[in-house]
Amino acid sequence: MNVVDVDTPGGQYPIRIAAGRIDRLAESIPADATAIAVVTNPVVGALYGERVAQALAATGKRVVHIELPDGEAHKDWQTLNLIFDAMLSNKLDRRAVLVALGGGVIGDMTGFAAAVYMRGVRFVQVPTTLLAQVDSSVGGKTAVNHPLGKNMIGAFYQPISVEIDLDVLTTLPAREISAGLAEVIKYGLILDPAFWSWCEANAEKLRALDPPTIAYAIQRSCELKAQVVGKDERESGLRAILNLGHTFGHAIESGLGYGAWLHGEAVGCGMVQAAELSAEVMDFPRADVERVRALTEAIGCPVVAPDLGADRWIDLMQVDKKTEGGEIRFVLMPQIGEALMRSVPDAALRRVLDRTVETA
Ligand code: NAD
Ligand code: GLY
């Protein structure tokens, strides 16, 4: 088993990475827990619910199962309330522990429920998508969507551990693997040029989930994310670079309706757009824009953005947590392996939109 430690003001905890990790989940439940509530959805529940239930039975504690409808379209306030309904009707107290068994949608909603149920209970992340393993389960961002903006209602709240089982990736659809790989290559682009080149050299093996290759990618991604959130848990500066491609990506997601494109697909395409914008307003080399486009395509993500209309694109991008005083701020790259945040002239943004959206 590999362990990556996360150390933030809001909590210190391990990310444990191993094949078969979900069979040993009892080890992650604190001895003083009064009950365990496993939050999942019908897809993940059907695949792994029974194994998790068996593993947790070893604690001897009461286990409550909470099933939420599957999908980004259900990452909302109404669905969140189902967790509270189940916790209250089962009389779960402050020492109950929540277990988020699923992808980023389940993880973000369970984390938010844990942050506010009785003003805070402990929770364990058991991410079952690649995207959740390399990104959303780490760092304590929890949220639900609002019809007017993605992840707009939420809290920073750290889990007590992240339990990554490498085996569960084998049941993921290919599209979900590509979406997760978008977040993997993102770390190379913003922080680690050697990791970026390694991803370029291993794109095929990554897509095929070659065991040692994907295990290394997950570990390196978690290390890089842990470094960033350890320095800036609440995104007062540095952490914003983790949002490379997200300003464009969130506009795609809310513009097309949540769930039409996968989050990682939208981020992948958004990274190509961010690379184009970096070349437009900074000295990011054109040849590197093409490298970003080529690797995004090689991992199976779209590289041509939908035509939402330039004004609507800009309108949607203004509903972003990085926007200040109505000014959209983008994560841009001076070079591969380095990122910063800045606003851009409207004309430059419109030129990039023009170049990167599909033409009729
Ligand atoms: P998801 O949670 O919707 O999961 C994708 C699909 O895969 C779902 O249908 C799910 O049921 C299914 N699934 C999950 N595990 C499976 C498995 N092992 N086998 C087969 N099917 C499986 O999507 P996601 O990509 O995991 O997460 C996206 C969400 O994460 C977005 O809401 C995004 O905003 C959020 N996010 C949060 C952060 C953060 O820091 N908190 C970071 C990145 C993304
Ligand atoms: N995925 C962005 C962050 O965790 O900050």
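In this text the structure is predicted, and so the values were computed from the model without any measurement. As a basis for the values below, the full set of heavy atoms in this structure was taken, side chains included, without hydrogen atoms, waters or symmetry mates. Note that ligands are numbered from 1 as they come in the structure, with each ligand's atoms numbered from 1 the same way.
The protein atom (non-hydrogen) at minimum distance from atom 23 (O) of ligand 1 is G104 N, 4.1 Å. K225 NZ, 2.5 Å is the protein heavy atom nearest to atom 4 (O) of ligand 2. Nearest to atom 34 (O) of ligand 1 among the protein's heavy atoms is K150 NZ, 2.8 Å. In terms of protein heavy-atom proximity, atom 28 (C) of ligand 1 is nearest to L131 CD2, 3.8 Å. With respect to atom 1 (N) of ligand 2, the closest heavy atom belonging to the protein is D135 OD1, 3.2 Å. The protein heavy-atom contact nearest to atom 1 (P) of ligand 1 is V105 CG2, 3.8 Å. Considering only non-hydrogen protein atoms, atom 39 (C) of ligand 1 sits nearest to S136 CA, 3.5 Å. Scanning the protein heavy atoms around atom 8 (C) of ligand 1, the nearest turns out to be D70 OD1, 3.3 Å. Closest protein heavy atom to atom 40 (O) of ligand 1: K225 NZ, 3.5 Å. Closest to atom 19 (N) of ligand 1 among all protein heavy atoms lies T171 OG1, 2.7 Å.
In this structure, T110 contributes its side chain and V39 its backbone to no donor-acceptor pair below 3.5 Å. Judged by distance alone, the side chain of Y13 and the main-chain N or O of V6 form no donor-acceptor pair under 3.5 Å. Side-chain atoms of R119 never come within 3.5 Å of backbone atoms of R94 as a donor-acceptor pair (strictly under, hydrogens ignored). Proximity of a side-chain donor or acceptor of E358 to a complementary backbone N or O of P306 within less than 3.5 Å is not detected.
Per-residue contacts place V43 under 4.0 angstrom from the following atoms of ligand 1 (heavy atoms of the residue considered): 11 (O), 21 (N). Short contacts between ligand 1 and K141, defined as distances under 4.0 Å to a heavy atom of the residue, involve ligand atoms 39 (C), 40 (O), 41 (N). Listed by number with element, the atoms of ligand 1 under 4.0 Å from a non-hydrogen atom of K75 are 31 (C), 32 (O), 33 (C), 34 (O), 35 (C). Annotation for ligand 1: atoms under 4.0 Å from non-hydrogen atoms of Y48 are 18 (N). Heavy-atom proximity to D135, at under 4.0 Å, picks out these atoms of ligand 1: 42 (C), 43 (C). Listed by number with element, the atoms of ligand 1 under 4.0 angstrom from any heavy atom of N41 are 10 (C), 11 (O). Near V44, the atoms of ligand 1 lying under 4.0 angstrom from a non-hydrogen atom of the residue are 11 (O), 13 (N), 14 (C), 15 (N). Annotation for ligand 1: atoms under 4.0 Å from non-hydrogen atoms of N151 are 34 (O). Remark: ligand 2 atoms within the under-4.0 Å shell around heavy atoms of N243 are 2 (C).
Other residues, nucleotides and ligands contribute at most 12 non-hydrogen atoms within 6.0 Å of the CD atom of E204. Applying the 6.0 Å contact sphere to CG of D283 captures no more than 12 heavy atoms from other residues, nucleotides or ligands. More than 12 heavy atoms of other residues, nucleotides or ligands shown are found within 6.0 angstrom of CZ on R286.
Backbone and side-chain nitrogen or oxygen atoms of E183 are examined, and none is located within less than 3.5 angstrom of a nitrogen or oxygen of ligand 1. Residue T142 has no nitrogen or oxygen atom sitting less than 3.5 Å from a nitrogen or oxygen atom of ligand 1, judged on distance alone. Looking at G102 next to ligand 1, no N or O pair under 3.5 Å apart turns up. The shortest N/O to N/O separation between K141 and ligand 2 falls below 3.5 Å. Between E72 and ligand 1, at least one pair of N/O atoms sits closer than 3.5 Å. Between I106 and ligand 1, not a single N/O pair is under 3.5 Å apart. For ligand 1, the polar-atom distance check finds no N/O of V138 at less than 3.5 Å from any of the ligand's N/O atoms.
For the pair R24 and D165, the salt-bridge criterion is not met [side-chain N within less than 4.0 Å of a carboxylate O]. Ion pairing between E72 and K150 holds under the 4.0 Å rule for side-chain N and carboxylate O. With respect to D307 and R312, no salt bridge is recorded, no charged nitrogen being found less than 4.0 Å from a carboxylate O. With salt bridges taken as basic N to acidic carboxylate O contacts below 4.0 Å, none links E233 and R239. By the 4.0 Å N-to-carboxylate-O rule, K186 lies close enough to D135 to be salt-bridged with it.
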Are K75 and D108 close enough, and set up right, to give a salt bridge (charged side-chain N to carboxylate O under 4.0 Å, His left out), and what steps lead you there? CA-CA 8 Å; K75 189 183 174 184; D108 280 15; 2.8 Å; yes

May I have the step-by-step check of side-chain contact (heavy atoms from CB on, under 4.5 Å) for I17 and L166, ending in yes or no? CA-CA 7 Å; I17 309 170; L166 297 166; 3.9 Å; yes

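Looking at D108 against ligand 1, only its side chain comes within 4.0 Å, counting heavy atoms.
The aromatic rings of H250 and H263 lie tilted to each other, with the angle between the two planes from 30° to 60°.
Residue L47 places a heavy atom less than 4.0 Å from ligand 1.
Looking at heavy atoms from C-beta onward, T213 lies in side-chain contact with W198 at the 4.5 angstrom threshold.
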